[in-house]
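Below: the structure, in structure tokens.
Just the heavy atoms: all of them, side chains too, but no hydrogens, waters or symmetry mates, feed the values below. Convention: sequence-line order gives letters A, B, ...; per-chain numbering from 1.
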Amino acid sequence: MRGELTFNAKVNRNVMTFQEFIEVIKEEALGKYQSAEDISIAGRFMGQRGPFAQLQDAVGRVQLYIGKDELGETPENKERHKKLVKLLDIGDYIAVKGKLFATGTGEISIHVHELKFLSKSLRPLPIVKRDKDGNIYDSFTDPELRYRQRYVDLTVNPEVKEIFIKRSRIVTVMRRFFDAQGWLEVETPVLQPIHGGAAARPFATHHNTLDMKLYMRIANELYLKRLIVGGFDGVYEIGKMFRNEGMDRTHNPEFTSMEIYVAYKDYNWMMSMVEQLLETIAKEVNGTTKVQIGENSIDFAGPYERISMYDSIKKYTGIDVSQMDEVALRKVCKEMHIKVDDYMGKGKLIDEIFGEKVEDHLIQPTYITDYPIEMTPLAKKHRSEEGLVERFELFVNGKEIANAYSELNDPIDQRQRFEDQLKLAERGDDEAMALDEDFLRALEYGMPPTSGLGIGIDRLTMMLTNNPSIQEVLFFPQMKPEVA
RNA sequence: GAUUCCGUAGCUCAGCUGGUAGAGCAAUACACUUUUAAUGUAUGGGCCCUGGGUUCGAAUCCCAGCGGGAUCACCA
């Protein structure tokens with residue numbers, strides 16, 4: 001008996017998946033009461049009511065009919081099966097054989113005549129029940145348990161599994177979209193000697209053999225641009241970034257970003273590309289461009305509104321900050337009761353006003369364009385507006401999900417911008433960007449005009465699945481250690 | 001990091017102004033072989049997060065710690 005209960009290696013599971021089973025119902029079994037041939041199926045035993053049991057696999061559930069005296073053929077085999085059925089626990093993996101039939105209420109089920117244990121569950125799974133109206137009766141909801149034991153969460157909460165399937169599809173659709181354009185998916189270093197490309201505190205580590213300090217990347221931008229210098233027309237990378245910052249419902253120390261750089265393009269082109277990309281993703285993942293996020297119904301169908309940062313501030317505050325110097329901006333912040341620090345330069349002050357007064361209004365997808373030069377050291381100067389750069393951020397539901405530039409490809413200007421960052425750092429801005437000599441050298445060899453874009457995959461998934469918490473879209477969100 | 005709420009059975013939760021632990025589901029046994037969250041009867045199940053304190057007596061009140069959620073700050 002014991003042998004039957006433990007972790008069988010021989011499985012005939014490839015005979016039929018649940019999905020195939022459902023197709024068989026449609027094509028063959030419907031209208032019949034009993035299939036001619038046995039089918040073989042395997043899955044997780046998820047409960048029993050009388051002779052009716054639920055078997056679950058990755059796709060869904062099917063009903064089994066386990067008749068008391070109908071298992072096995074020989075008397076010994078019948079006896080054995082009776083014992084096996086008694087030993088069934090929720091969570092056990094079993095394989096069954098039987099014929100399809102329609103029950104009295106019309107549900108297509110498997111009339112089991114043979115049952116085999118594949119694996120035993122030694123711990124009781126939480127039992128979640130739901131009725132036809134979707135009411136859930138015995139839920140498994142404790143966030144701490146759900147995140148620490150995601151395997152249980154995924155087993156008993158099908159809507160959780162659905163989120164992660166969507167997340168995977170978002171990435172797949174994105175990849176397919178880029179690949180169709182001939183852009184190249186690449187991988188760049190996670191361990192970097194200089195943490196460039198963004199403004200954030202890094203995780204630091206040490207390489208023993210080289211005896212050198214290394215940082216987990218906070219961004220991969222400077223490496224991807226090196227590849228554009230190297231002659232690729234379009235490169236993109238989907239991968240983890242690491243930032244040693246605070247954690248909350250929208251921040252996890254490691255998160256996934258997609259960065260893409262396309263040569264001979266500018267940020268106007270990029271805006272159109274992003275519209276097509278997001279529209280495609282929304283349709284492929286949700287079947288529609290519209291998505292409900294909390295209270296708001298959002299439509300990802302392009303084109304999106306485009307408004308410059310200065311105009312957006314004017315629109316929502318009535319104040320024109322475009323000609324103001326640092327002193328005037330500080331005065332404005334004070335009048336609006338916006339907290340500012342001494343180290344903040346002009347760009348940062350404008351960003352504070354924007355964050356405080358504008359962001360929350362940007363519900364439908366909206367491009368904010370043309371940022372002050374001080375806060376964007378890697379973007380190209382605006383072709384006609386003094387003091388601005390060609391940059392946009394895409395806001396949806398009041399939150400930023402994409403950031404893009406016409407990339408700065410003038411090495412002399414780039415060196416100057418890095419030096420301005422160093423000055424900010426000296427004033428106490430610990431987010432100011434470090435200078436990367438090799439990156440400058442690459443630019444000195446010549447980089448074509450290029451547009452670059454970054455999209456937060458976690459954030460995008462949160463929006464497309466209507467989840468306000470990043471933990472709900474990460475399989476294993478960062479947690480403090482569990483104490484035994 | 002700050003504020004605030006929370007931590008009781010495998011899960012979801014009651015447990016009042018302090019008097020020594022409860023329900024539903026799950027589990028076990030027996031009966032039932034049926035349906036669509038939940039059949040019946042019976043039974044077992046607890047470091048009430050941890051450590052101090054107050055008290056004759058603490059799941060309950062106080063303090064500290066640990067873990068989680070929410071809000072804020074920082075960031076994406």
Using purine N1 to pyrimidine N3 plus N6-O4 or O6-N4 for Watson-Crick, or N1-O2 and O6-N3 for G-U wobble, each under 3.5 Å, what pairs with [N]?
N     : answer
B:A59 : none
B:C16 : none
B:U71 : B:A2
B:A31 : B:U39

Would you mind telling me which of [options] lies closest to the side-chain atoms of [X]?
X        : options             : value
A:Arg243 : B:A76, B:C72, B:C13 : B:A76
A:Asp142 : B:C74, B:A76, B:U12 : B:U12
A:Gln63  : B:C11, B:U35, B:U33 : B:U35
A:Lys86  : B:C30, B:C74, B:G67 : B:C30
A:Ile127 : B:C25, B:G68, B:U35 : B:C25
A:Arg148 : B:C11, B:G67, B:U34 : B:G67
A:Leu145 : B:G67, B:U12, B:G69 : B:U12
A:Ser469 : B:U34, B:G67, B:A70 : B:A70
A:Met479 : B:G68, B:C74, B:U33 : B:G68

Does a nitrogen or oxygen in the side chain of [X] sit under 4.0 Å from OP1 or OP2 of [N]?
X        : N     : answer
A:Arg249 : B:U71 : yes
A:Gln471 : B:G69 : yes
A:Lys129 : B:A38 : no

Note: for A:Ser139 and A:Leu125 on RNA chain B, the residue whose nearest nucleotide lies more 5' is A:Ser139
Could you check A:Pro124 against A:Thr250 and say which one's nearest nucleotide on RNA chain B is further toward the 5' end?
->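 By nearest-heavy-atom nucleotide position, the 5'-most residue is A:Pro124.
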Under 4.0 angstrom, heavy atoms only, what part of the nucleic acid is [X] near: base, sugar-phosphate, or nothing?
X        : result
A:Met241 : nothing
A:Thr141 : sugar-phosphate
A:Gly67  : nothing
A:Arg459 : base
A:Arg123 : nothing
A:Phe140 : sugar-phosphate
A:Asp351 : nothing
A:Glu254 : nothing

Can you tell me how far [atom1] in [N] sits from the matching atom in [M], rounded to whole Å?
N     : M     : atom1 : answer
B:G40 : B:U35 : P     : 16 Å
B:A9  : B:G15 : P     : 15 Å
B:A21 : B:G45 : P     : 13 Å
B:C25 : B:G69 : C1'   : 24 Å
B:G51 : B:U60 : P     : 12 Å
B:G7  : B:A14 : P     : 8 Å
B:C63 : B:A58 : C1'   : 15 Å
B:U20 : B:C48 : C1'   : 12 Å

Would you mind reading off the distance between [X] atom [atom1] and [N] atom [atom2], rounded to a whole angstrom?
X        : N     : atom1 : atom2 : value
A:Ile218 : B:A76 : CD1   : P     : 9 Å
A:Leu474 : B:A76 : CG    : P     : 17 Å
A:Ile110 : B:U35 : CD1   : P     : 19 Å
A:Ile470 : B:U71 : CD1   : C1'   : 18 Å
A:Arg61  : B:U35 : CZ    : P     : 20 Å
A:Ile90  : B:U28 : CD1   : C1'   : 13 Å
A:Gln478 : B:G67 : CD    : P     : 13 Å
A:Arg49  : B:U39 : CZ    : C1'   : 11 Å

Ring centers of A:Phe177, A:Tyr236 separated by less than 6.0 Å |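 For A:Phe177 and A:Tyr236, the ring centres are not under 6.0 Å apart.
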Step through it carefully: locate the ring centre of A:Phe52, locate the ring centre of A:Tyr65, and say whether they are under 6.0 Å apart.
->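 Yes, they do, as the ring centres are separated by less than 6.0 Å.
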Determine whether any donor atom in the side chain of A:Asp248 lies under 3.5 Å from an acceptor atom in the base of B:C74, or the reverse, and answer yes or no.
->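 Under the 3.5 Å cut-off, the side chain and the base do form a donor-acceptor pair.
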Charged N-O contact under 4.0 Å between [X] and [Y]:
X        : Y        : answer
A:Arg459 : A:Glu400 : no
A:Asp153 : A:Arg150 : yes
A:Arg175 : A:Glu185 : yes

A:Ser109 side chain to A:Gln63 side chain, donor-acceptor N/O pair below 3.5 angstrom =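 Side chains of A:Ser109 and A:Gln63: pair found under 3.5 Å.
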Any side-chain donor-acceptor pair under 3.5 Å between A:Tyr223 and A:Glu237?
-> no
Aromatic ring pairing A:Tyr367/A:Phe392, orientation class (parallel under 30°, perpendicular over 60°, tilted between) = perpendicular
Check whether any side-chain heavy atom of A:Phe178 lies under 4.5 Å from a side-chain heavy atom of A:Ile260, and answer yes or no.
-> yes
